[in-house]
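Everything below concerns the one structure shown next.
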There are 2 protein chains.
Amino acid sequence: MLKITRKVEYALIALRHIQNNSSGTVASTKEIATTYGIPHQLLAKILQQMGREGLISAVKGPNGGYKISANLNEISLKDFFEKIEGPLGLMDCYFNSDCNQLKACNILTPIQRINQNMRDLFSKTSLQEITQ
Amino acid sequence: MLKITRKVEYALIALRHIQNNSSGTVASTKEIATTYGIPHQLLAKILQQMGREGLISAVKGPNGGYKISANLNEISLKDFFEKIEGPLGLMDCYFNSDCNQLKACNILTPIQRINQNMRDLFSKTSLQEITQ
DNA sequence: TCTATATACGATAATTTTAGTCGTATATAA
DNA sequence: TTATATACGACTAAAATTATCGTATATAGA
Ligand code: FES
Ligand code: FES
């Protein structure tokens, strides 16, 4: 409960690795996967997704790989989580209105408050704080 | 990702219901289950667990049920979550030392910091804030 | 004392989510 | 032309969550 997924952890590890790479060169999926013991194909998909989200950009072909293409200081952890995993909330009913218990639920209001606190926490933390 | 489980939500709903019950009487599993549409047997197990944890106490037999037996003001949401779901952390490596990536992981330190922030958030919120 | 009702609890099954793999296509440096 | 790297949809496997079953025990009330 309340865990980040491996997908997000792999994404963060890769992002930090790419950022700390010697300038001028790109970091390949293979290099990152072997360094941290991440399944290659899975990491590839995650990097492709981050590419589509504009966080990194790809260089194809031999000696190819990825480089950072966004200002990680301007992206919050909340936004990053939502780019990678979709809507962020303690419970489905925060976003998904067809939650079957919503009518009878007696804790909706207080839970929404706690939920907002958690979103605020991740909103005021930048990606850079993890990758720097 | 970062969701509370139904088990915890059911537990909170039940706790609030029991607390708001007319004084002198207890609330039965059946009453709570039908009121909120929670599977009866599942709720029963959760209430039994809360009983073992000292949060509520049971009265057996006809007209039986549960009543609050702890001061919910003195119990944090973090402690409650850990009573119900076990160790609370953004990632397994916070508690489980045989995390296979721990050696190579390049984001352990910053992730631990974020994790502590989340634990702090739930530590400074009391159960009473949800059930009152 | 008998019966209906309620909690106690381990075992198991179903479902959903997460994690990982496969196959194929495209781009490009050497 | 070949080796290497990204792109991506479909699929499979594993793990976690959610729910059910079966049986035992306690007790209020007829
Ligand atoms: S149904 Fe969303 S908090 Fe209960
Ligand atoms: S292995 Fe725990 S944060 Fe990476």
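Everything numeric in this text was worked out from a predicted model, so none of it was measured. Labels below follow one simple rule: chain letters A, B, ... track the order of the sequence lines, proteins then strands, and each chain is numbered from 1.
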Legend entry - Closest-nucleotide 5' rank along DNA chain C - winner of B:Met1 and B:Arg52: B:Arg52
Inset, instruction - Under 4.0 Å between any heavy atoms, over every strand shown, what does A:Ala58 touch: base, sugar-phosphate, or nothing? Just pick one. - result: sugar-phosphate
Legend entry - Residue among B:Asp79, B:Asn71, B:Asn73 satisfying side chain to side chain contact (heavy atoms under 4.5 Å, CB included) with B:Ile75: B:Asp79
Legend entry - A:Glu9 bridged to A:Lys3 by N-O distance under 4.0 Å: no
Legend entry - Length of the CG-C1' vector between A:Leu2 and C:dT18, whole Å: 16 Å
Inset, instruction - From the options C:dA6, C:dA8, C:dT21, select the nucleotide whose nearest atom is closest to the side chain of B:Lys30. - result: C:dA6
Inset, instruction - Please state whether the phosphate of C:dA19, meaning OP1 or OP2, lies under 4.0 angstrom from any side-chain nitrogen or oxygen of A:Tyr10. - result: no
Inset, instruction - Would you mind classifying the nucleic acid contact of A:Gly51 as base, sugar-phosphate or nothing, using non-hydrogen atoms under 4.0 angstrom? - result: nothing
Inset, instruction - Tell me which nucleotide among D:dA7, D:dT25, D:dA19 gets nearest to the side chain of B:Lys60. - result: D:dT25
Legend entry - Atom-pair distance (CD1 on B:Ile4; C1' on D:dA16), nearest Å: 16 Å
Legend entry - Protein-nucleotide distance (B:Ile32, atom CD1; C:dA6, atom C1'), rounded to Å: 13 Å
Inset, instruction - Would you confirm whether A:Asn115, through its side chain, and A:Leu90, through its main-chain N or O, come within 3.5 Å as a donor-acceptor pair? - result: yes
Inset, instruction - Taking atom NZ of A:Lys67 as the centre, report whether more than 12 heavy atoms of other residues, nucleotides or ligands fall under 6.0 Å from it. - result: no
Inset, instruction - Among the candidates D:dA19, D:dT6, C:dC9, find the nucleotide nearest to the side-chain atoms of B:Gln41. - result: C:dC9
Legend entry - Per B:Thr5 side chain, nearest of listed nucleotides D:dT17, C:dT18, D:dA28: D:dT17
Legend entry - Proximal nucleotide (of C:dA8, C:dA19, C:dT21) relative to the B:Gln48 side chain: C:dA8
Inset, instruction - Measure from CG on B:Leu90 to P on C:dT18 and round the result to the nearest Å. - result: 15 Å
Legend entry - Per B:Lys45 side chain, nearest of listed nucleotides D:dA7, C:dC9, C:dA19: C:dC9
Inset, instruction - Drop me the distance from A:Leu108's CG to A:Tyr94's OH, to the nearest 0.5 angstrom. - result: 11.0 Å
Legend entry - Closest-nucleotide ordering on DNA chain C, the 5'-leading residue of A:Pro62 and B:Asn63: B:Asn63
Inset, instruction - Send over the distance from B:Ile38 CD1 to D:dA19 P, rounded to a whole Å. - result: 10 Å
Inset, instruction - Please answer: with hydrophobic residues joined when any side-chain heavy atoms are less than 4.5 Å apart, are A:Val59 and A:Leu47 in the same cluster? - result: no
Inset, instruction - With the side chain of B:Ser28 defined as its heavy atoms from C-beta on, choose the nearest nucleotide among C:dA19, D:dA5, C:dA6. - result: C:dA6
Legend entry - Atom-pair distance (OH on A:Tyr36; C1' on C:dA19), nearest Å: 21 Å
Legend entry - Phosphate contact (D:dA5 OP1 or OP2) by A:Thr29 side-chain N/O below 4.0 Å: no
Inset, instruction - By nearest nucleotide on DNA chain D, pick out whichever of B:Val8 and A:Ala44 is the more 5' one. - result: A:Ala44
Legend entry - Residue A:Leu42, side-chain atoms from C-beta onward, closest of C:dT5, C:dA8, C:dT21: C:dT21
Legend entry - B:His40 NE2 to C:dC9 C1', straight-line distance once rounded to whole Å: 14 Å
Legend entry - Protein-nucleotide distance (A:Leu47, atom CG; D:dA7, atom P), rounded to Å: 9 Å
